[in-house]
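So that the names make sense, note that chain A is the first sequence line, chain B the second, and so on, each numbered from 1. As a basis for the values below, the full set of heavy atoms in this structure was taken, side chains included, without hydrogen atoms, waters or symmetry mates. Just so we're clear, the structure is a prediction, and the values are computed from it rather than from any experiment.
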Amino acid sequence: MDTQALKAEQKRRAQEIVHVDSLPFAEPRFIGGADVGFEQEGAVTRAAIAILHYPSLQLVEFQIARIPTVMPYVPGLLSFRECPGLLAAWEKLVQKPDLLFVDGHGISHPRRLGVASHFGLLVDVPTIGVAKKRLCGQSAPLSEAPGSQSALMDHDEQIGWVWRSKARCNPLFISTGHRVSLNSALMWVKRCQQGYRLPEPTRWADAVASQRPAFQRWLRENPQ
DNA sequence: GCGACAG
DNA sequence: ATCTTGTCGC
């Protein structure tokens with residue numbers, strides 16, 4: 001694993017990211033959520049993608065792919081570890097989403113190519129990064145009130161938003177993945193908020209991957 | 001040199 | 001990310 005070469009590749013690919021809205025829809029019909037986890041002590045990569053109908057936010061499809069892990073976790077190089085699994089899950093989808101939320105950062109990354117951006121480029125789909133922790137950049141302190149937000153800045157450049165999606169919960173870090181502006185990224189995430197810390201697409205992807213009770217209940221209510 | 005560091 | 005029960009607080 002040549003770290004320097006991978007970093008150079010990130011800088012190169014980051015220039016291909018479309019930072020403005022080039023969404024082929026006035027309103028998306030399907031929004032997806034993607035999440036990656038690991039099994040067998042990291043030897044197996046498990047990627048899950050959940051597809052929700054918009055604006056009902058009802059789960060309509062999910063796919064899980066398991067492949068041999070290709071790389072160790074290195075902060076800043078996450079996409080090289082997670083994209084192979086995400087691609088495998090993506091190819092299994094019957095209904096591709098118009099917009100995809102990815103667990104992790106988009107352009108709020110040292111070289112502006114977080115997993116949400118990298119995957120968006122790979123499959124050429126609009127993506128938004130929804131991360132639970134900061135990777136880089138700084139922001140003004142957030143108030144305790146749910147809904148409070150602050151721009152995530154790297155010097156003079158805004159690379160994302162820090163948004164308290166729910167009271168008494170740590171904020172989320174939202175950023176452009178690909179083909180979605182920063183303002184729209186935050187807007188779509190807000191429109192998929194249903195009272196939990198994570199927006200529905202990402203929340204369902206996690207529930208599917210981890211076999212959460214809510215997902216098991218959905219399976220029972222949706223035979224076949 | 002020291003601390004930070006998505007999942 | 002993952003290993004894991006109860007527990008504190010709204």
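No donor-acceptor pair closer than 3.5 Å links the side chain of A:Trp161 to the backbone N or O of A:Ser150. Without hydrogens or angle criteria, A:Arg111 side chain to A:Ala14 main chain gives no donor-acceptor distance under 3.5 Å. A donor-acceptor pair under 3.5 Å is absent between the side-chain atoms of A:Arg164 and the main chain of A:Pro146, judged by distance alone.
The CG-C1' distance, from A:Leu78 to B:dG7, rounds to 5 Å in whole Å. The distance between atom CD of A:Gln138 and atom C1' of B:dA4, rounded to the nearest whole Å, is 12 Å. The distance from atom CG of A:Asn170 to atom P of B:dG7 is 11 Å, rounded to the nearest whole Å. At whole-Å resolution of the value, NE2 in A:His109 and C1' in B:dC5 are 11 Å apart. A:Leu135 places its CG atom 7 Å from the C1' atom of B:dC5, with the value rounded to the nearest Å. Rounded to whole Å, the distance from CZ on A:Phe80 to C1' on B:dG7 is 15 Å. To the nearest angstrom, P of B:dC5 lies 11 Å from NE2 of A:His105. Between the CG atom of A:Leu86 and the P atom of B:dG7 there is a distance of 14 Å, rounded to whole Å.
You can call A:Tyr73 stacked on the base of B:dG7; the centres are under 5.5 Å apart and the planes sit within 30°.
Boundaries of the chain A contact region on DNA chain C are C:dA1 to C:dC10, first to last in 5' to 3' order (nucleotide atom under 4.0 Å from a heavy atom).
A:Val74 comes within contact range of no nucleotide atom at all, as no heavy-atom separation falls under 4.0 Å. Within 4.0 Å (heavy atoms only), A:Gly37 reaches sugar-phosphate atoms of the nucleic acid but no base atom. Within the nucleic acid shown, A:Gly76 comes within 4.0 Å of at least one base atom, counting heavy atoms only. Using a 4.0 Å heavy-atom distance criterion, A:Arg81 is classed as a base contact. Looking at heavy-atom distances under 4.0 Å, A:Leu113 makes no contact with the nucleic acid at all.
Applying side-chain contact (heavy atoms from CB on, under 4.5 Å) to A:Lys132 and the options A:Asp103, A:Thr202, A:Asn170 leaves one that passes, A:Asp103.
Using a 3.5 Å distance cut-off with no hydrogens or angles, the side chains of A:Ser165 and A:Arg197 do not pair a donor with an acceptor.
In plain terms, the two heavy atoms of A:Leu99 and A:Thr127 that are nearest each other are CD1-N, 4.4 Å. Across A:Leu113 and A:Ser79, no two heavy atoms sit closer than the pair O-OG, 4.3 Å. Nearest heavy atoms, A:Glu27 versus A:Trp188: CA-CH2, 4.3 Å.
A:Phe173 and A:His105 have tilted rings, their planes meeting at an angle from 30° to 60° on a 0 to 90° scale.
Distances shorter than 4.0 Å separate some side-chain N or O of A:Lys132 from OP1 or OP2 on B:dG7.
Stretches of at least 3 consecutive Watson-Crick or G-U wobble pairs, with each checked distance under 3.5 Å, do not appear in DNA chain C at all. In DNA chain B, no stem built from three or more successive Watson-Crick or G-U pairs (distances below 3.5 Å) is found.
When side chains are defined from C-beta on, A:Leu100 does not count as touching A:Ile128, because their heavy atoms never get closer than 4.5 Å.
If you take CD1 on A:Ile107 and OG on A:Ser117, they are separated by 6.5 Å, rounding to the nearest 0.5 Å.
Counting heavy atoms of neighbouring residues, nucleotides and ligands inside a 6.0 Å radius, atom NZ of A:Lys190 exceeds 12 of them.
Across the interface with DNA chain C, nearest-nucleotide mapping of A:Asp206 and A:Arg168 shows A:Asp206 to be the residue nearer the 5′ end.
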